[in-house]
Amino acid sequence: MFDQSQIQEFKEAFTIMDQNRDGFIDKEDLRDTFAALGRLNVKNEELEAMVKEAPGPINFTVFLTMFGEKLKGTDPEETILHAFNVFDTEGKGFVKADFIKEKLMTQADRFSEDEIKQMFAAFPPDVCGNLDYRNLCYVITHGEEKD
């Protein structure tokens, strides 16, 4: 499912999240991880829902399996590119960030303002306000930026 370097990265992530170092990720580990990332007021229900996604206690094997299942649901790069191509009628490889923000917040599975901020933090528009959707699609499907 994953190559050795990916497994090592997941192991490092698991170790960071396992705040109490007991070999399992539980609600308190998740709360501490969110706090370390600056999100202090995570609701108990939200943490419980995350933990309940697992079939049992979350050890590294379960953690890895859960990520594999989540990533397996990602659409192929070509499918995501075609979705953006609808908005890029000139085929330039980018769309106006304001336009895509408006579409993401008003259509289908609507994004929240926070989700938009997270996306633009990870994939900032250029100085002209354009979003390089080809690179965005590549990162979504491959996990790292193109050179």
Side-chain angles (χ1 to χ4, degrees), residues 1-19 23-27 29-39 42-43 45-147:
M1 182 178 350
F2 297 111
D3 66 37
Q4 200 57 42
S5 66
Q6 290 172 311
I7 292 171
Q8 185 57 38
E9 288 177 24
F10 282 118
K11 184 65 175 170
E12 290 170 21
F14 181 86
T15 301
I16 290 168
M17 293 177 71
D18 183 15
Q19 296 281 315
F24 296 91
I25 295 175
D26 58 21
K27 278 188 342 185
D29 290 325
L30 291 174
R31 184 181 312 282
D32 292 343
T33 300
F34 275 114
L37 295 171
R39 188 166 169 216
V42 182
K43 294 180 181 163
E45 298 80 32
E46 190 176 354
L47 297 171
E48 286 173 9
M50 288 179 193
V51 171
K52 285 181 181 174
E53 285 185 41
I58 306 172
N59 62 18
F60 180 65
T61 304
V62 171
F63 181 80
L64 195 60
T65 303
M66 289 173 70
F67 266 97
E69 290 170 357
K70 294 279 185 192
L71 294 175
K72 193 169 41 177
T74 302
D75 290 324
E77 183 177 8
E78 185 177 327
T79 302
I80 300 168
L81 280 171
H82 284 304
F84 277 104
N85 285 336
V86 169
F87 302 116
D88 181 16
T89 55
E90 296 176 25
K92 294 182 177 179
F94 58 83
V95 291
K96 288 291 184 189
D98 288 342
F99 174 78
I100 210 68
K101 174 183 176 181
E102 189 262 327
K103 292 299 176 202
L104 289 172
M105 292 182 75
T106 61
Q107 308 294 315
D109 292 331
R110 294 181 174 115
F111 277 45
S112 68
E113 188 69 39
D114 283 343
E115 290 169 321
I116 294 292
K117 285 178 185 174
Q118 288 173 4
M119 182 182 82
F120 287 146
F123 302 98
D126 65 18
V127 293
C128 297
N130 297 316
L131 178 67
D132 175 358
Y133 68 82
R134 289 182 181 151
N135 190 47
L136 171 66
C137 292
Y138 185 87
V139 172
I140 289 170
T141 56
H142 294 88
E144 56 190 54
E145 288 191 50
K146 288 187 203 180
D147 291 329

**Item:** Asp88 vs Phe94 side-chain heavy atoms within contact, under 4.5 Å
**Value:** no
**Prompt:** Looking only at atom types and distance, does a side-chain atom of Arg110 sit under 3.5 Å from a main-chain N or O of Leu104, one as donor and one as acceptor?
**Reply:** no
**Prompt:** Can you say whether the rings of Phe84 and Tyr133 are parallel (under 30°), tilted (30 to 60°) or perpendicular (over 60°)?
**Reply:** parallel
**Request:** May I ask you to decide if Cys128's main-chain N or O and Lys96's side chain share a donor-acceptor pair within less than 3.5 Å?
**Result:** yes
**Prompt:** Would a 4.5 Å heavy-atom cut-off, applied to side chains only, mark Phe60 and Ile7 as touching?
**Reply:** yes
**Request:** Indicate yes or no: at least one non-hydrogen side-chain atom of Leu131 is less than 4.5 angstrom from one of Met119.
**Result:** yes
**Request:** Kindly say whether Ser112 contributes a backbone atom to a donor-acceptor pair with the side chain of Glu115 at under 3.5 angstrom?
**Result:** yes
**Request:** First locate atom CD1 of Ile16, then atom OG1 of Thr33, and finally report the distance between them rounded to the nearest 0.5 Å.
**Result:** 8.5 Å
**Item:** Check: Asp26 side chain, Asp29 main-chain N or O, donor-acceptor pair, under 3.5 Å
**Value:** yes
**Request:** State, to 0.1 Å, how close Phe63 and Phe10 come at their nearest heavy-atom pair, and which atoms those are.
**Result:** CE2-O, 3.6 Å
**Request:** State the CD-NZ distance between Gln8 and Lys11, to the nearest 0.5 angstrom.
**Result:** 8.5 Å
**Prompt:** Would Arg134 and Leu81 count as a side-chain contact (heavy atoms from CB on, under 4.5 Å) if you check the C-alpha gap in whole Å, the side-chain angles of each, and the deciding distance to 0.1 Å?
**Reply:** CA-CA 7 Å; Arg134 289 182 181 151; Leu81 280 171; 3.9 Å; yes
**Message:** The test is ring pair (Phe, Tyr, Trp, His ring centres under 6.0 Å); show your working for Phe99 and Phe87 and say whether it passes.
**Reply:** CA-CA 9 Å; Phe99 174 78; Phe87 302 116; 5.3 Å; yes
**Request:** Inspect the contact between Lys92 and Glu90 and indicate whether a charged nitrogen and a carboxylate oxygen are less than 4.0 angstrom apart.
**Result:** yes
